[in-house]
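Computed from a prediction, not measured in an experiment: that's the story for all the values here. Order of appearance sets the numbers: ligands from 1, and atoms from 1 within every ligand. We use all heavy atoms of the structure for the numbers below, so side chains are in, but hydrogens, waters and symmetry mates are not.
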Amino acid sequence: MPGNRDHRSSISRLPPVERVELFHVRLPLQHPFRTSFGMESHRESVLIRLRTPDGDGWGEAPVGQYPRYTHESTETAWYILNDFLAPTLVECAPRSYEEWHDCIPFIRGHHMARGAVLMGLVDLAAKQRGELLGTFYGAPRNEAYAGISIGLKEDRDDLFDRIQSALELGYLRIKLKIEPGSDIDLLREVREAFPEIDLMVDGNGGYDQTDISLLQQIDSFDLLMLEQPFGPRDFTAHAALQEKIETPICLDESIETFQDAQLARQLNSCRIINIKSPRLGGPLHALDVYKFCEESGLDVFCGGLLETGIGRAHNVGLASLPRFQLPGDLSESQRYFPEDLVEPEFELTEHGSIKLPEGRSGIGVKPVLKRIREQSKRSRTHK
Ligand code: OSB
Ligand code: MG
């Protein structure tokens, strides 16, 4: 367990939820983000606000408009939250995690929708204790190391400029997306231009097992890790590759449940697990996987899903835990959006980290309702 607190029982003495508000937001991205599964120029997300007599709890399902990263999308998250979870929350008004667990209707999958509710409950619980999320989770520091994830680019000069400016801003490491046809030669050029930088790559499942011999060349580029080259369910191809390379494999899309982490460990499919709390069903499940990695000697990495400041705050709180030594996909608000939905916006510290604002509690940042309403395609209140 992180710190010395049982993370489920610490979700207790919650104020009663009186209203639940949902917002389906759509924000333009500063830079279109292309991965091996497609391009995004806007980010869509579903936000949840739990209103109580003692203040608000906030969560986010950073699903995206299309079911590409997982099966979830704004449409499915809206459906699960609006038809099932929000009405149940109002009716049940849980005072603890246990009570919520007892009321929640059985729903298979849909981790991001469910995770948004848990984020809201964790935010409320941390606020009740007057603690920032990191402290609430038992982290000795309220700060996470920051890296940047750069999408696929056609133009080399463009990419080199993005890398150069990220380094100048103080990011501690660079992650590049790769796909078949844009990998080994690309890395050779990047390494020539930037021989010393901390570098990692992410295939987002764009390869298959016939690419194993190609991917073996990855060891010559001194990478911190190779993330998810093969499809989500392909634990055996990852294991076959990991046996042949020194570069640690990190699994992202593969790890939807605690059991997936166990399977990856058992088969030696990876050395690092990308912990994204939304994909795992929320912060408590992310903490379960964190603890498992601690016990079984796997490293952890905090990934991101182009979240608004609300989901980002939840990620920063989690990534403050001490096993998160690799800089995560946690960047400044300005890197993602012309205008974020929270105040203050996230900025890099002098030593390349991201923090929640001191002297506050829970997510620390304040969601700006006016901006959220302006950016909402739809919203709904349950009471
Ligand atoms: O693979 O980590 C990924 C964004 C959308 C879907 C998948 C991924 C990503 C990112 C975003 O890499 C990283 C970030 O939020 O900074
Ligand atoms: Mg990834």
Side-chain angles (χ1 to χ4, degrees), residues 27 29-45 60-74 77 111-112 144-153 162-163 166 169 171-179 199-207 223-232 234 238 248-256 260 264 270 272-280 286 300-316 318-319 324 326-337 340 346 348 352-354:
L27 294 161
L29 286 168
Q30 286 283 32
H31 304 275
F33 194 76
R34 193 159 78 79
T35 61
S36 59
F37 48 68
M39 161 92 116
E40 281 186 72
S41 61
H42 287 73
R43 190 59 183 167
E44 294 202 6
S45 210
E60 174 169 0
V63 274
Q65 189 178 359
Y66 305 108
R68 288 175 175 166
Y69 171 70
T70 70
H71 63 279
E72 292 184 85
S73 66
T74 31
H111 288 181
M112 296 201 207
Y145 306 123
I148 190 167
S149 170
I150 302 178
L152 288 160
K153 285 254 173 305
R162 294 272 325 267
I163 297 175
L169 283 168
Y171 285 103
L172 298 172
R173 63 100 192 111
I174 305 289
K175 176 159 121 183
L176 299 179
K177 297 289 183 181
I178 55 169
E179 68 178 350
L199 188 65
M200 50 174 74
V201 295
D202 187 353
N204 285 107
Y207 296 84
L223 302 177
L224 292 170
M225 64 190 209
L226 161 61
E227 187 169 322
Q228 197 76 43
F230 307 124
D234 213 346
H238 285 111
I249 292 179
C250 171
L251 289 181
D252 175 355
E253 285 89 334
S254 291
I255 312 297
E256 294 212 3
D260 289 334
C270 66
I272 306 174
I273 290 197
N274 177 328
I275 296 185
K276 285 183 187 170
S277 115
R279 185 190 67 231
L280 289 159
V300 295
F301 171 82
C302 181
L305 288 167
L306 310 172
E307 286 92 344
T308 76
I310 292 165
R312 184 163 323 282
H314 279 281
N315 289 347
V316 171
L318 191 70
F324 287 102
L326 289 161
D329 285 341
L330 299 160
S331 307
E332 300 182 283
S333 297
Q334 281 297 312
R335 222 276 288 165
Y336 301 97
F337 310 110
D340 204 342
F346 285 97
L348 273 190
S353 67
I354 296 222

Margin query: Could you check whether Arg279 pairs with Asp252 (Lys NZ or Arg NE/NH1/NH2 to Asp/Glu carboxylate O, under 4.0 Å)?
Written below: yes
Checklist line | Heavy-atom nearest neighbour in the protein, as seen from atom 6 (C) of ligand 1, with distance rounded to 0.1 Å | finding: Leu305 CD2, 3.6 Å
Notebook entry, point to check: Among protein heavy atoms, which sits nearest to atom 2 (O) of ligand 1, and what does the distance come to when rounded to 0.1 Å?
Noted result: Lys276 NZ, 2.9 Å
Next item on the list: For Glu60 and Thr308, test the side chains for any donor-to-acceptor distance below 3.5 angstrom and give the result as yes or no.
Entry: yes
Check: Relative to ligand 1, is Asp252 under 4.0 angstrom through side chain, backbone, both or neither, heavy atoms considered?
Finding: side chain
Notebook entry, point to check: Which residue holds the protein heavy atom closest to atom 14 (C) of ligand 1, what is that atom called, and what is the gap in Å?
Noted result: Tyr336 OH, 3.5 Å
Margin query: So Cys270 and Cys250, do their side chains get closer than 4.5 Å, heavy atoms only?
Written below: no
Notebook entry, point to check: Going by distance only, is there an N or O of Glu253 that falls short of 3.5 Å from an N or O of ligand 1?
Noted result: no
Check: Can a salt bridge be assigned to the pair Arg34 and Glu179 using a cut-off of 4.0 Å between side-chain N and carboxylate O?
Finding: yes
Checklist line | Residues Arg335 and Asp340 bridged, charged N to O under 4.0 Å | finding: no
Next item on the list: Have a look at ligand 1 and work out which part of Arg335, if any, has a heavy atom under 4.0 Å from it: side chain, backbone, both or neither.
Entry: side chain
Checklist line | Closest contact, heavy atoms only, Thr35 versus Lys177 | finding: CG2-CE, 3.7 Å
Checklist line | Identity and separation of the nearest protein heavy atom to atom 1 (O) of ligand 1 | finding: Asn204 ND2, 2.7 Å
Next item on the list: Quick one: look at Gln228 and ligand 1, take heavy-atom pairs under 4.0 Å, and tell me if it's side chain, backbone, both or neither.
Entry: neither
Notebook entry, point to check: Are Gln228 and Ser254 linked by a side-chain donor-acceptor pair shorter than 3.5 Å?
Noted result: yes
Notebook entry, point to check: Does Asp329 put an N, O or S atom under 2.8 Å from the Mg ion (ligand 2)?
Noted result: no
Checklist line | Atom name in Asp252, limited to N/O/S, at shortest distance from the Mg ion (ligand 2) | finding: OD2
Notebook entry, point to check: atom 4 (C) of ligand 1: which of Phe301, Phe37, Phe33, Tyr69 has the nearest heavy atom?
Noted result: Phe33
Note to self: So which atom in Leu305 and which in Lys276 form the shortest heavy-atom distance, rounded to 0.1 Å?
What the structure shows: CD2-NZ, 3.6 Å
Notebook entry, point to check: To which protein heavy atom is atom 15 (O) of ligand 1 closest, and what is the distance rounded to 0.1 Å?
Noted result: Leu306 N, 2.9 Å
Note to self: I'd like to know whether ligand 1 has Lys175 as a neighbour, heavy-atom separation below 4.0 Å.
What the structure shows: yes
Notebook entry, point to check: At under 4.0 Å between heavy atoms, which part of Asp202 makes contact with ligand 1: side chain, backbone, both or neither?
Noted result: side chain
Check: For atom 10 (C) of ligand 1, which of Gly304, Pro62, Ser331 has the closest heavy atom?
Finding: Gly304
Note to self: Among the N, O or S atoms of Glu227, which one sits nearest to the Mg ion (ligand 2)?
What the structure shows: OE2
Checklist line | the Mg ion (ligand 2) - name of the N/O/S atom of Asp202 that sits closest to it | finding: OD2
Check: Which residue supplies the protein heavy atom nearest to atom 12 (O) of ligand 1, what is that atom called, and how far is it?
Finding: Lys177 NZ, 3.0 Å
Next item on the list: Evaluate the side-chain proximity of Ile273 to Phe301: yes if any heavy-atom separation is below 4.5 Å, no if none is.
Entry: no
Check: Salt bridge check: are Lys175 and Glu227 linked by an N-O gap of less than 4.0 Å?
Finding: yes
